[in-house]
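In this text, all values refer to a predicted model and were calculated from it rather than measured experimentally.
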Amino acid sequence: MSAIEKNCVLIKTTLLDFPGRVAAACFLRGCNLRCPYCYNAPLVDADFSGQGEDSPRFVSFDEVAAHLERRREVLTGFVLSGGEPLCNFSLAKNLILNARALGYKIKLDTNGTFPERLEETLCDEGIAPDYIALDVKTSPERYDELGAKGQGLDEKILSSIKIVSALPSERREFRTVLYPPLFGKNEVAKIASLLPRDASWFFAQFQNEKCLSPEAEKVAPYSDKQAEELLKIARHFVPNAALR
């Protein structure tokens, strides 16, 4: 098997990535965005083949499937993340189908820039995730700043927000990294106005280490007080907004 066929990074057991479940998590290589603060840089480039001690170990579909088979009496959840898992739609679907056949509940993490694929996934009972976490990076009109200018990402993220918002509240969450250059008081108010009032919206503090962009590592994260101020604005629209 060639190295390029090994497109997954497998976290064999996680208590953090699937609410209420002991899960395995699979991170697929490849992403269509270039968020400067991204800490999964080796996963962004679909052709990455780094060999350093900090480089992730990529595994094949068969290795993921074998692990899920072995641990099916212990694990109850399977998380598909990235990168952006819907970039490699065929592999994502096959991974979900395999996990679903073994009785796992499925969680999908997505950046929302493939609304057609997201909707197709949800409309197919065989692969429809049980839970979706949608990353909302910044306000829609600023998505051109994420390295994919001219791709109509503003409309795509709006479509994905609507698709995920239509799910029952217990099957969805929204997530935003508090990266100061892309997310401030204006952005929190704009995004909050797009989300359902019953949304679970989780903020994560930006960490200025091992970022995709060296310039991002020079950015100071928000202080706890500043983060709480942003959270207060969010809660005016979305009462369940929280720092995670």
* To do: Dump the intermediate steps for side-chain contact (heavy atoms from CB on, under 4.5 Å) on Ile157 and Asn111, then the final yes or no.
  => CA-CA 8 Å; Ile157 189 64; Asn111 65 22; over 6 Å; no

State, yes or no, whether a side-chain contact exists between [X] and [Y] at a heavy-atom distance under 4.5 Å.
X	Y	answer
Val64	Phe78	yes
Ile233	Lys185	yes
Val177	Phe183	no
Leu80	Leu95	yes
Leu212	Pro36	no
Arg29	Pro42	no
Arg72	Tyr104	yes
Arg197	Pro239	yes

Rounded distance [0.5 Å steps], [atom1] in [X] versus [atom2] in [Y]:
X	Y	atom1	atom2	value
Cys31	Leu43	SG	CG	9.0 Å
Leu153	Leu158	CG	CG	11.0 Å
Arg235	Leu230	CZ	CG	12.0 Å
Ser223	Leu178	OG	CG	11.0 Å
Leu16	Arg21	CG	CZ	15.5 Å
Ser159	Leu118	OG	CG	10.0 Å

Is [X] linked to [Y] within one hydrophobic cluster, defined over Ile, Leu, Val, Met, Phe, Trp and Tyr using a side-chain heavy-atom separation of less than 4.5 Å?
X	Y	result
Leu28	Val79	no
Leu134	Ile96	yes
Ile191	Phe202	no
Leu15	Leu68	yes
Val74	Phe18	no

Should [X] and [Y] count as an ion pair when the cut-off is N to O under 4.0 Å?
X	Y	result
Arg172	Asp130	no
Lys6	Asp62	no
Glu229	Lys232	no
Arg100	Glu125	no
Lys93	Glu120	yes
Lys156	Glu116	no

* To do: Test Thr110 against every option in Leu86, Thr121, Asp135, Val164 by the side-chain contact (heavy atoms from CB on, under 4.5 Å) rule and name the one that passes.
  =>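 Going through Leu86, Thr121, Asp135, Val164 one by one, the side-chain contact (heavy atoms from CB on, under 4.5 Å) with Thr110 is satisfied by Leu86 alone.
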
Between [X] and [Y] (side chain of the first, backbone of the second, donor and acceptor by atom type, cut-off under 3.5 Å), is there such a pair?
X	Y	result
Arg175	Ala133	no
Glu155	Gly152	no
Glu84	Leu33	no
Glu63	Ser60	yes
Asn98	Asn94	no
Asn208	Val219	yes
Asp154	Tyr143	no

Non-hydrogen atoms of [X] and [Y] that approach each other most closely:
X	Y	value
Gln207	Cys211	O-SG, 3.6 Å
Pro221	Gln226	O-OE1, 4.5 Å
Ser160	Gly112	OG-O, 2.6 Å

* To do: Test Phe114 against Asn32 for side-chain contact (heavy atoms from CB on, under 4.5 Å), laying out the working first.
  => CA-CA 10 Å; Phe114 293 97; Asn32 58 323; 3.8 Å; yes

* Between Tyr179 and Tyr37, what is the ring plane arrangement, given parallel below 30°, perpendicular above 60°, and tilted in between? ->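 Taking Tyr37 first and then Tyr179, their aromatic rings sit tilted (interplane angle of 30° to 60°).
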
* Asked: Strictly by modelled atom types, are Glu215 and Ser213 linked by a side-chain donor-acceptor pair under 3.5 Å?
  ->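 There is no such pair between these side chains.
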
* To do: Report the C-alpha distance between His67 and Leu10 in whole Å, list the side-chain angles of each, state the deciding distance to 0.1 Å, and finish with yes or no for side-chain contact (heavy atoms from CB on, under 4.5 Å).
  => CA-CA 9 Å; His67 174 71; Leu10 177 64; 3.8 Å; yes

* Take Asn240 and Ser200 through the side-chain hydrogen bond (donor to acceptor under 3.5 Å, both in side chains) test and state the conclusion after the steps. => CA-CA 5 Å; Asn240 289 333; Ser200 295; 5.0 Å; no

* **Chi angles and distances behind the side-chain contact (heavy atoms from CB on, under 4.5 Å) call for Cys123, Glu119** => CA-CA 6 Å; Cys123 290; Glu119 189 161 40; 4.1 Å; yes

* Excluding sequence neighbours, so at least two apart, what forms side chain to side chain contact (heavy atoms under 4.5 Å, CB included) with Glu228? ->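 For Glu228, the residues satisfying side chain to side chain contact (heavy atoms under 4.5 Å, CB included) (neighbours in sequence not counted) are Leu231, Leu243.
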
* To do: Under the side-chain hydrogen bond (donor to acceptor under 3.5 Å, both in side chains) rule, what do Glu173 and Tyr131 come out as? Steps first, then yes or no, please.
  => CA-CA 8 Å; Glu173 68 179 52; Tyr131 193 90; 2.7 Å; yes

* What residues, two or more places apart in sequence or in another chain, satisfy side chain to side chain donor-acceptor pair (under 3.5 Å) together with Glu145? ->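 Partners of Glu145 under the side chain to side chain donor-acceptor pair (under 3.5 Å) test: Arg142.
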
